[in-house]
Amino acid sequence: MDDFYGNDEPNPEAGLVAQSLNFLLEAPSAVWVTIALAPILVIIATRIFSGYASRKASNYSDSVNTVPMIPYWIPFVGHGWQFLMDPVRLLREARSQTQHGIYALNLGSKTYNVIYDPAMVKAALQQKESTLQLTPMALSLVVKVFGVPKQALPKYEAAWDEFVALSNYLLKEPHLSNMLKVTARSVENMVPKMISFTDREIDLQPWERHGRANFVSENEMEVDLMAMLRDLLGHAAVAGVFGKSLLEKYPNILHDVYELETGMIYFAMGVPAWIPFPGVVGPHLARRRLWTAMDEFQRALDADFAGNPDPMWGDLDDVSEFIMERHKVYQKYNIEVKERADLTVLWALLINSNLLVYWHLLHILATPGLVDRLRTEIAPFTQVAKPFSIGSFSEAPKLNLDHEGLAKKCPLFKSTYLEALRMCDQPWSIRTVASDLVLSTSNTSDTASSFKIHKGDFIKIPHELHMHNPVYFPDPSSFNPERFLVRADDGSLTTDMGTIRPYGGGASMCKGRIFAESECLALVAGVLMMWEFEPAGTTGWMIPKLKKASAVSLPEVDTRVRIRRRRFEWDE
């Protein structure tokens, strides 16, 4: 009989859905078991068939082989999940599964060839840009991590050589000294006033507040060492490169960069903000705040260049020549405010040196007798002068730093800096393979002595694996302050980096390494000469475990210390 109120036409889709539901409801238990076991079987099958051993490469000699692939569990994801959770552990576990000095990982359907054999590392870093390319990877990270619009990439490709040429401001004179003088003056002004010795939070310095400073007495304060030093150098460095106005208008900008840094892997792998995974949302929100701050800074520079300075930003004459020259390139190539990538400069300025000064100072303090040896060596280049005083009122002592002397005439101090870098730095070099490449190992006894790497793959070099290799660095987990000391022909002591690569490798080695070294040495020297430290607890000096970051590691826990001002002859 016809349905008077309904549609007489049958609905084949509704019938199909109903049949499917009925099938599932009436299915025997074996079908449900099969459905439940299917994902497990897929995972097991993926684990069995995804990995493969090295084998002879076609169209090559018998000594050239393919790169062995480490097996993984999840199809389409590959090793991506393990890399997201703990990249250092993944690299070390994968290394233990092969003896060839090279292995392949699958990260989201892309093949990364991880190299740790010294001969292959050296050969890879000597390849021309036309074979192993840095530029495509760098531009990709500028988009994925720092949020530069993808449509701006053609402008950056056109201006790339000019941006690279500006690295001379970080490497060569007189530009380098001009930048260092500004940062050194900031350090000289800030270190003597580093601790306020007050129980009024409103009177604390910003780095004291973030270091959870606690008043002990009029001569002693307790504080978190890493948090304090990181912010202290951050204030000096940002003011030296971007000028004082940026920090004055956006006082939380340092901590937004720290938050952004915690999400670097998520950004690089394209994890969106809405993914319900711990640690994803915070970095996205921090990046949005940083965009706002840096966009406003760029608009202020535009107004200053046009001769109509923004009164809200005050005088921008203290912005470094390096940033001003970058700004000229932006304008030359019509790179709009929201397309500009000075956030990359701010990030690079804050994520390595600021942590390194903590590790450097902590290892010095934790090594018996080393503080006195270093104070004797750096004293000629770290002058502390009597403060001006009237009656009972006295200013802080005056600090004068010779950054060139600290870098070139204090070999033990420089050696401790390099040793701290070796122990706490975890840098990677990544390149895109632009054409098929064959790399040979240093192990000539291995039948698989050469390996073919395919065009379109990536090469990843985890330098920390070498810097912690006991073959090259005996007792690598121990801090040896003299490890990098060498005796010159004339009998004098100097330092030699040897084979460590704390700044990456190849022609793209970090352009800011000399600037970073000078500011780190200056801050640590100034702090050593001005202040006395002791651990706040009763267990003595403890070196915390490393927590992976982009390069220099974070500590798993901060170091709580008590700080007093050193006594000088005029105090007696």
Side-chain angles (χ1 to χ4, degrees), residues 178-198 200-213 215 219-255 257-258 318-320 346 349-358 360-362 364-365 375 378 381-388 394-403 406 515-533 561 563-566 568:
N178 291 338
M179 290 184 64
L180 285 173
K181 285 177 183 176
V182 177
T183 302
R185 281 198 298 269
S186 295
V187 172
E188 290 170 350
N189 291 330
M190 294 163 64
V191 167
K193 306 169 187 175
M194 185 174 77
I195 301 298
S196 303
F197 299 109
T198 178
R200 288 166 49 87
E201 184 173 352
I202 193 172
D203 293 329
L204 294 176
Q205 302 280 13
W207 46 85
E208 292 180 280
R209 286 195 291 271
H210 289 294
R212 299 188 304 124
F215 179 79
N219 299 312
E220 193 170 26
M221 291 282 282
E222 193 172 290
V223 68
D224 290 339
L225 185 62
M226 185 277 290
M228 180 190 69
L229 290 178
R230 182 165 67 163
D231 269 24
L232 181 69
L233 185 56
H235 277 78
V238 171
V241 175
F242 288 93
K244 295 179 181 178
S245 295
L246 181 61
L247 265 172
E248 290 172 354
K249 282 190 65 67
Y250 295 97
N252 293 320
I253 198 169
L254 301 182
H255 293 266
V257 173
Y258 305 155
D318 59 349
V319 177
S320 70
L346 181 66
L349 195 64
L350 293 175
I351 52 92
N352 287 329
S353 303
N354 301 40
L355 289 170
L356 181 57
V357 292
Y358 158 75
H360 188 194
L361 182 61
L362 178 61
I364 290 172
L365 296 172
R375 281 175 176 162
I378 66 178
F381 314 102
T382 314
Q383 300 287 337
V384 181
K386 182 179 179 179
F388 174 77
S394 178
E395 293 182 339
K398 303 296 183 182
L399 178 65
N400 184 269
L401 298 167
D402 177 358
H403 62 81
L406 290 170
F515 179 84
E517 176 186 299
S518 295
E519 66 176 358
C520 288
L521 293 178
L523 181 68
V524 174
V527 169
L528 279 174
M529 293 301 288
M530 290 293 306
W531 302 95
E532 297 281 8
F533 297 84
V561 296
I563 304 179
R564 298 183 303 276
R565 193 187 303 280
R566 288 188 71 205
F568 299 93

Residue pair [X] / [Y], side-chain heavy-atom distance below 4.5 Å:
X      : Y      : result
Cys520 : His360 : no
Leu356 : Asn352 : no
Val182 : Asp318 : no

Going by salt bridge (Lys or Arg N to Asp or Glu O under 4.0 Å), name the residues that satisfy it together with [X], two or more places apart in sequence or in a different chain.
X      : answer
Lys398 : Glu395
Arg209 : none
Glu222 : Arg560, Arg562
Glu532 : Arg375, Arg566

Item checked: Residue pair Leu254, His235: steps toward the side-chain contact (heavy atoms from CB on, under 4.5 Å) verdict -> CA-CA 8 Å; Leu254 301 182; His235 277 78; 3.4 Å; yes
Margin query: Atom NZ of residue position Lys249 - does it have more than 12 heavy atoms of other residues, nucleotides or ligands inside 6.0 Å?
Written below: yes
Item checked: Trp207 side chain to Met194 backbone, donor-acceptor under 3.5 Å -> yes
Margin query: Checking Leu523 against Leu401 for the side-chain contact (heavy atoms from CB on, under 4.5 Å) test, could you report, in this order, the C-alpha distance in whole Å, the side-chain angles of both residues, the deciding distance, and whether it holds?
Written below: CA-CA 9 Å; Leu523 181 68; Leu401 298 167; over 6 Å; no
Provide the closest heavy-atom pair for [X] versus [Y] in the form atom of the first, atom of the second, distance.
X      : Y      : answer
Val357 : Asn354 : CG2-O, 3.3 Å
Phe533 : Leu361 : CZ-CD2, 4.1 Å
Arg565 : Pro192 : NH1-O, 3.0 Å
Glu519 : Leu349 : OE2-O, 4.5 Å
Val191 : Trp531 : O-NE1, 3.0 Å

Item checked: All pairs passing side chain to side chain donor-acceptor pair (under 3.5 Å) where residues 184-197 contributes a residue, at least two apart -> Ser196-Glu208
Return the [atom1] to [atom2] distance between [X] and [Y], rounded to the nearest 0.5 Å.
X      : Y      : atom1 : atom2 : value
Met221 : Thr198 : CE    : OG1   : 7.0 Å
Glu248 : Ile253 : CD    : CD1   : 12.5 Å
Glu201 : Phe215 : CD    : CZ    : 14.5 Å
Leu399 : Met190 : CG    : CE    : 12.0 Å

Side-chain donor-acceptor contacts of residues 225-234 below 3.5 Å, not counting sequence neighbours, with atom names and distances?
from, atom 1, to, atom 2, distance (Å)
Asp231, OD1, His255, NE2, 3.4
Asp231, OD1, Tyr258, OH, 3.0
Asp231, OD2, His255, NE2, 2.8

Notebook entry, point to check: For Phe242, what residues pass the ring-ring contact (aromatic ring centres under 6.0 Å, His included) criterion, not counting sequence neighbours?
Noted result: Phe297
Notebook entry, point to check: Quick one: side-chain hydrogen bond (donor to acceptor under 3.5 Å, both in side chains) partners of Thr183, sequence neighbours excluded?
Noted result: none
Checklist line | side chain to side chain contact (heavy atoms under 4.5 Å, CB included) involving Ala525 - partner list, sequence neighbours excluded | finding: Ile378, Thr382, Leu406, Phe413
